[in-house]
Amino acid sequence: MTNQANEKLIVRIISPQGVIYDHGALSCSVKALDGGMTILANHTPIMAALDISAVKVRRIYEDEEEDFIAINGG
């Protein structure tokens with residue numbers, strides 16, 4: 001069994017108006033211009049252009065609730 005506290009990442013979505021989303025997560029799924037990807041804790045740093053879509057965040061500590069945040073690319 002893994003310790004979820006050590007297996008989390010922080011998902012922070014920032015707009016010109018400021019931070020609009022900031023939570024600990026188990027995973028974050030995004031749609032990049034060249035396809036979809038899911039990012040997990042301890043992932044190699046990556047930079048990708050994002051498409052207009054919803055970011056899916058699987059939260060930690062909250063019964064693994066999923067949030068969907070609309071983005072206008074990035």
Side-chain angles (χ1 to χ4, degrees):
M1 189 164 141
T2 62
N3 181 354
Q4 286 186 341
N6 294 331
E7 298 292 326
K8 76 173 187 176
L9 60 116
I10 301 298
V11 177
R12 188 171 295 131
I13 298 175
I14 303 170
S15 77
Q17 290 76 32
V19 176
I20 60 171
Y21 187 89
D22 188 5
H23 284 284
L26 295 172
S27 66
C28 177
S29 298
V30 298
K31 183 178 176 190
L33 293 179
D34 59 352
M37 68 177 85
T38 298
I39 302 163
L40 304 171
N42 302 314
H43 192 283
T44 301
I46 187 170
M47 184 177 284
L50 300 180
D51 203 354
I52 298 170
S53 63
V55 174
K56 181 172 97 172
V57 179
R58 195 167 134 218
R59 285 196 194 185
I60 193 168
Y61 300 133
E62 297 178 24
D63 296 325
E64 297 178 13
E65 180 181 330
E66 290 182 342
D67 292 333
F68 295 86
I69 305 97
I71 62 166
N72 191 23

Problem - All pairs passing salt bridge (Lys or Arg N to Asp or Glu O under 4.0 Å) where residues 12-24 contributes a residue, at least two apart - result: R12-D22
Exercise for the section: May I ask you to test the S53-V30 pair for a side-chain heavy-atom distance under 4.5 Å? Expected result: no
Practice task
If you link ILVMFWY side chains whenever their heavy atoms are less than 4.5 Å apart, which other residues fall into the same cluster as I10? By chain and number, please.
Solution key: none
Exercise for the section: Could you pull out the closest heavy-atom pair between L9 and I39, with the gap in Å? Expected result: CD2-O, 3.8 Å
Exercise for the section: Indicate, with yes or no, if Y21 and L50 share a hydrophobic cluster defined by side-chain heavy-atom contacts under 4.5 Å among Ile, Leu, Val, Met, Phe, Trp and Tyr. Expected result: yes
Practice task
Find out if a path of hydrophobic residues (ILVMFWY) with successive side-chain heavy-atom gaps under 4.5 Å connects V11 to I69.
Solution key: yes
Practice task
Give, for atom OG of S29 and atom CZ of F68, the distance between the pair rounded to the nearest 0.5 Å.
Solution key: 8.5 Å
Handout entry: Distance (rounded to the nearest 0.5 Å) between I52 CD1 and K31 NZ
Key = 9.5 Å
Practice task
Kindly compute the distance separating OG (S27) from CE (M37), expressed to the nearest 0.5 Å.
Solution key: 13.5 Å
Practice task
Report yes if some heavy atom in the side chain of H43 is under 4.5 Å from a heavy atom in the side chain of I46; otherwise report no.
Solution key: yes
Handout entry: Residues in side chain to side chain contact (heavy atoms under 4.5 Å, CB included) contact with L33, at least two apart in sequence or another chain
Key = A49, D51
Problem - D34: partners by salt bridge (charged side-chain N to carboxylate O under 4.0 Å, His left out), with sequence neighbours left out - result: none
Exercise for the section: Among Ile, Leu, Val, Met, Phe, Trp and Tyr joined by side-chain contacts under 4.5 Å, find the other residues sharing a cluster with I14 and list them by chain and number. Expected result: V19
Problem - L26 reachable from V55 in the ILVMFWY side-chain graph, under 4.5 Å edges - result: no
